[in-house]
Amino acid sequence: FRRVLFRSYSLGMPAPRKIETAEIKMVTTKMVRLYLEQLTLTGLYGKSYTEAAERLLARSIEELIKEGRLKEKLVK
C-alpha cells in the first residue's frame with residue numbers, strides 16, 4: 001500500500017509538494033491535551049495530539065484567510 005501511495009503521481013496525479021516546516025513549542029492545559037487526544041480517535045485529526053493541534057491550527061488559519069483577517073501570501 002505504501003508503494004502505491006507514494007508513487008500515485010506517476011499515474012497522472014500531481015507529485016507531492018515540498019513544504020518547508022517549522023517547529024513550534026506550545027504549552028497548554030491537560031484538558032486541552034485530552035481533547036486533542038479524543039479528536040485523534042475519529043481518525044480525522046491525525047494519529048497524535050500534536051498532529052491534531054497542527055490540523056486545528058491550520059484550519060483556523062485557513063478560516064482567517066477566507067474571512068480576510070489574514071493575507072493569503074506572506075512576504076518572507
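Residues satisfying the side chain to side chain contact (heavy atoms under 4.5 Å, CB included) criterion with Thr42, sequence neighbours excluded, are Leu44, Tyr45. By the side chain to side chain contact (heavy atoms under 4.5 Å, CB included) test, Arg33 is found to be paired with Glu37, Tyr49, residues two or more places apart in sequence or in another chain being considered. Annotation: side chain to side chain contact (heavy atoms under 4.5 Å, CB included) contacts of Thr50 (sequence neighbours excluded): Ser48. Judged as a side chain to side chain donor-acceptor pair (under 3.5 Å), and not counting sequence neighbours, Thr28 has no contacts.
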List the atom pairs, donor and acceptor, that lie under 3.5 Å between side-chain atoms in residues 63-72 and the rest of the protein, sequence neighbours left out.
residue : atom : partner : partner atom : Å
Glu67   : OE1  : Arg69   : NH1          : 3.4

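Other residues, nucleotides and ligands contribute only 12 or fewer heavy atoms inside 6.0 Å of the CD1 atom of Ile24.
A heavy-atom distance below 4.5 Å is found between the side chains of Leu36 and Leu56.
Between the side chain of Gln38 and the backbone N or O of Leu34 there is no donor-acceptor pair closer than 3.5 Å.
Using a 4.5 Å cut-off between side-chain heavy atoms of Ile, Leu, Val, Met, Phe, Trp and Tyr, Ile19 forms no hydrophobic cluster with any other residue.
Met26 approaches Ala53 most closely through the heavy-atom pair CE-CB, 4.4 Å.
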